[in-house]
Protein chains: 2
Amino acid sequence: MKGAPVQRRRTRQRAAIRAALEAARRPLSVAEILELARRQVRGLGIATVYRAVAAMLEEGFLTPVEISGEALRYEVAGRGHHHHFRCRRCGRVFEMEGCVPEVELLAPPGFLPECHEILLSGLCRECNKGLSR
Amino acid sequence: MKGAPVQRRRTRQRAAIRAALEAARRPLSVAEILELARRQVRGLGIATVYRAVAAMLEEGFLTPVEISGEALRYEVAGRGHHHHFRCRRCGRVFEMEGCVPEVELLAPPGFLPECHEILLSGLCRECNKGLSR
DNA sequence: ATCAATGCAAAGTCTTTGCAATAGG
DNA sequence: CCTATTGCAAAGACTTTGCATTGAT
């Protein structure tokens with residue numbers, strides 16, 4: 001159901017968007033991407049970000065990270081299985097390594113778990129430090 | 001900063017909304033609440049659902065359940081700590097008992113986890129049964 | 001020279017708000 | 001009666017789409 005792979009073109013906009021996502025090392029929302037990428041491409045339009053993100057998701061460069069109610073975020077794909085930590089103070093979302101596969105044992109009888117997501121919330125290092133001293 | 005507790009009134013609309021949430025035994029989205037509650041109160045407006053949900057959140061009757069990207073859902077509060085299972089086939093979200101507190105050990109050094117969410121995805125009992133036979 | 005990609009503005013969604021009418025206490 | 005609540009419609013916030021123009025190849 002998927003036509004030709006569509007030939008992409010390298011544009012300043014998409015390069016900036018890609019760079020922002022790679023540099024961030026954490027999931028970014030469209031608004032965050034726009035803000036960061038605009039530093040390199042002034043006048044960058046929000047629609048362009050949405051379209052670029054859609055294209056990058058399609059090509060598999062990005063993966064959606066859907067954090068609780070908040071705006072959908074995107075991160076560079078292929079970083080392997082991992083989870084996230086959201087800081088309740090600064091609102092940023094960070095990647096965490098490691099996993100606790102046993103969580104799938106929580107599934108009720110008859111249910112078939114195929115994958116899982118773990119999200120911790122609290123204070124990130126910076127905010128934790130800032131408050132405690 | 002919170003004025004008087006505000007006196008609530010018992011209306012057919014809110015009763016229907018409350019009943020829908022209690023009967024469902026699982027987190028419902030605003031759209032789901034509207035659909036279910038309309039069976040009892042025809043002409044129920046979506047704005048009323050939003051306002052009722054907001055009021056119920058404020059009084060602590062409901063808790064928001066923010067499942068990955070999808071619409072925010074709400075469930076009756078006070079059922080104790082638990083997690084959720086989302087069926088990728090029928091889209092419903094179920095409650096799961098139990099917990100794996102060790103997940104908080106995943107937090108990076110310096111980070112202070114305060115709470116966590118675990119979401120399993122896969123097939124619910126009905127969908128799993130339906131497919132395997 | 002092509003046509004993918006862009007920027008702007010219009011169009012959609014979903015959620016919130018304004019307001020006159022309704023109805024609970 | 002008083003005013004919280006409702007339903008409708010208008011207003012917002014966020015995302016998608018249409019289209020003429022730009023720019024990568």
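Below, chains carry the letters A, B, ... as their sequence lines are ordered, and counting in each starts from 1. Keep in mind it's a predicted model, so treat the numbers as computed, not measured.
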Could you pull out all residues at least two apart from B:R39 that satisfy salt bridge (Lys or Arg N to Asp or Glu O under 4.0 Å)?
B:E35
Show me the side-chain donor-acceptor pairs of residues 92-101 of chain A shorter than 3.5 Å, one per line, residues at least two apart or across chains.
| from | atom 1 | to | atom 2 | distance (Å) |
| --- | --- | --- | --- | --- |
| A:R92 | NH2 | A:E126 | OE1 | 3.4 |
| A:R92 | NH2 | A:E126 | OE2 | 3.4 |

Rounded to whole Å, please give me the gap between [atom1] in [X] and [atom2] in [N].
X     : N      : atom1 : atom2 : result
B:I46 : D:dC8  : CD1   : C1'   : 13 Å
A:R8  : D:dT25 : CZ    : P     : 14 Å
A:M56 : C:dA4  : CE    : C1'   : 14 Å
A:L44 : C:dC8  : CG    : C1'   : 13 Å
B:R73 : C:dC14 : CZ    : P     : 14 Å

Taking the nucleotide of DNA chain D with the closest heavy atom to each, which residue, B:G45 or B:R9, is nearer the 5' end?
B:R9
Here the salt bridge (charged side-chain N to carboxylate O under 4.0 Å, His left out) pairs for residues 10-19 of chain A, sequence neighbours left out, are A:R18-A:E59
Output the residues of residues 10-17 of chain A in contact with DNA chain C, where contact means a heavy atom of the residue under 4.0 Å from an atom of the strand; sort by number or write none.
A:T11, A:Q13, A:R14
So if I take residues 28-42 of chain B and measure heavy-atom distances to DNA chain C, which residues fall below 4.0 Å?
none
Can you name the side-chain hydrogen bond (donor to acceptor under 3.5 Å, both in side chains) partners of [X], sequence neighbours left out?
X      : answer
B:Q13  : none
A:R38  : none
A:E114 : B:R88

Pairs flagged by side-chain hydrogen bond (donor to acceptor under 3.5 Å, both in side chains) wherever residues 99-109 of chain A is involved - sequence neighbours left out
A:E104-A:H116
Minimal heavy-atom distance between A:P113 and A:F111, with the atoms involved, is CD-O, 3.4 Å
Taking only residues two or more places apart in sequence, or in another chain, which ones meet A:I46 in a side chain to side chain contact (heavy atoms under 4.5 Å, CB included)?
A:V30, A:L34, A:Y50
Who else is in B:L105's hydrophobic cluster (ILVMFWY, side-chain heavy atoms under 4.5 Å, direct or via others)?
none
Are B:L106 and A:V103 joined in one hydrophobic group, where the rule is that I, L, V, M, F, W and Y side chains link up if heavy atoms are under 4.5 Å apart?
yes
Measure all distances between protein nitrogen or oxygen atoms and nitrogen or oxygen atoms of nucleotides 17-21 of chain D, and list the pairs falling under 3.5 Å.
| from | atom 1 | to | atom 2 | distance (Å) |
| --- | --- | --- | --- | --- |
| D:dG18 | O6 | A:R51 | NH1 | 3.2 |

